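Residue indices begin at 1 and follow the sequence shown. Here the structure is a predicted model, which is why all the values come from computation and not from measurement. Atoms within each ligand, like the ligands themselves, are counted from 1 in listed order. Just the heavy atoms: all of them, side chains too, but no hydrogens, waters or symmetry mates, feed the values below.
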Amino acid sequence: MDLLEKRITQIIEFDYRFGALLHRWGIDFYKYPDMLLAEVCRRKHINGQVLIGQITEAMATKLTTSIESFTHRPIADLIDYLRQAHRIFTRYRLPYMAQLIRDARLEYLHSSEYIDLLNDLKIAFPLFAEDFIGHILEEEQQVFNYITLLDDSLHRKVAYSRAYYAMEKYSIEKISEHHHADDDDMAGIRELTHHYAVHGQTPLLLRVLFLELQAFEEELKRHATFENDLLLPKAARLEARVRKVIARTIPLN
Ligand SMILES: [Fe+2]
Ligand SMILES: [Fe+2]
């Protein structure tokens with residue numbers, strides 16, 4: 001279909017994920033419901049063909065990466081992939097959802113049906129985002145750095161003594177326990193929204209918001225599975241190897 005000749009609402013109704021992609025180009029779908037995409041592009045001095053090329057490509061590459069594809073790859077690749085996912089979560093996904101909540105609240109300020117929920121979300125979402133960003137920071141600054149240090153020492157990029165001292169502070173076993181306990185970040189949001197329930201009459205902006213939240217929860221689950229089922233077991237094996245080498249090479253007293 002020629003997206004440029006479609007009304008923005010039609011495009012979003014066809015697939016809500018276009019909303020996030022258009023948002024990256026500075027087009028908030030709910031501000032131009034009845035305009036053709038071509039018209040909005042003209043107004044915003046956006047080259048429509050370039051935009052279509054980019055969003056079509058983004059849709060096609062949104063295919064999910066499987067755990068299996070990383071099973072036999074170096075642990076450094078897996079960490080790169082997870083760091084990149086963190087960046088996308090914090091730079092694009094969270095701000096987009098926060099904006100949808102803010103604008104939906106303004107839009108439905110006088111709607112008795114939605115305003116309580118949106119007022120609650122306005123408080124609950126930033127709390128969730130703060131916890132989640134804390135989780136990511138801890139992971140990047142401590143867990144990933146520790147695993148990278150183990151990996152580097154095994155590949156003789158850093159002295160084993162550095163790994164030795166780090167192992168006094170961290171252990172993959174403890175990290176795994178902590179990570180498993182930190183699993184269900186979105187429980188509060190899920191309950192508030194009654195499991196992201198929408199019905200035929202739910203306005204488009206809210207529908208997109210709920211679909212985004214739901215998709216985000218699914219992504220977080222997948223992300224946690226990568227960390228729990230692949231990264232941490234790999235890291236545990238790595239740690240055991242480093243421990244063995246250290247026991248052989250550093251005389252301990
Ligand atoms: Fe993570
Ligand atoms: Fe995590």
Going by atom type alone, with no hydrogens or angles, which donor-acceptor pairs under 3.5 Å involve a side-chain atom of residues 20-29 and a protein atom two or more places apart or on another chain?
unit_1: H23; atom_1: ND1; unit_2: D28; atom_2: OD1; d: 2.8
unit_1: W25; atom_1: NE1; unit_2: Q54; atom_2: OE1; d: 2.8
unit_1: D28; atom_1: OD1; unit_2: Q99; atom_2: NE2; d: 3.2
unit_1: D28; atom_1: OD2; unit_2: K31; atom_2: NZ; d: 3.1
unit_1: D28; atom_1: OD2; unit_2: Q99; atom_2: NE2; d: 3.0

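- Inspection of the Y108 and E113 side chains reveals no N or O donor paired with an N or O acceptor under 3.5 Å.
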From CA spacing to verdict: ring pair (Phe, Tyr, Trp, His ring centres under 6.0 Å), F132, F128 | CA-CA 6 Å; F132 179 61; F128 152 69; 5.8 Å; yes
Would you give me the side-chain donor-acceptor pairs under 3.5 Å for residues 191-198, sequence neighbours excluded?
unit_1: T193; atom_1: OG1; unit_2: I189; atom_2: O; d: 2.9
unit_1: T193; atom_1: OG1; unit_2: R190; atom_2: O; d: 3.2
unit_1: T193; atom_1: OG1; unit_2: Y196; atom_2: N; d: 3.1
unit_1: Y196; atom_1: OH; unit_2: E217; atom_2: OE1; d: 2.5

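- A salt bridge is defined here as a Lys NZ or Arg NE, NH1 or NH2 lying under 4.0 Å from an Asp or Glu carboxylate O, and E218 with K221 meets this definition.
- Listing protein N, O or S atoms at distances below 2.8 Å from the Fe ion (ligand 1), with waters left out, gives H86 NE2, E139 OE1, H223 NE2, E227 OE2.
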Report, one line per pair, each donor and acceptor closer than 3.5 Å where one atom sits in a side chain of residues 84-91; sequence neighbours left out.
unit_1: H86; atom_1: ND1; unit_2: E140; atom_2: OE2; d: 2.7
unit_1: H86; atom_1: NE2; unit_2: E139; atom_2: OE1; d: 3.0
unit_1: H86; atom_1: NE2; unit_2: H223; atom_2: NE2; d: 3.0
unit_1: T90; atom_1: OG1; unit_2: H86; atom_2: O; d: 3.0
unit_1: T90; atom_1: OG1; unit_2: R87; atom_2: O; d: 3.4

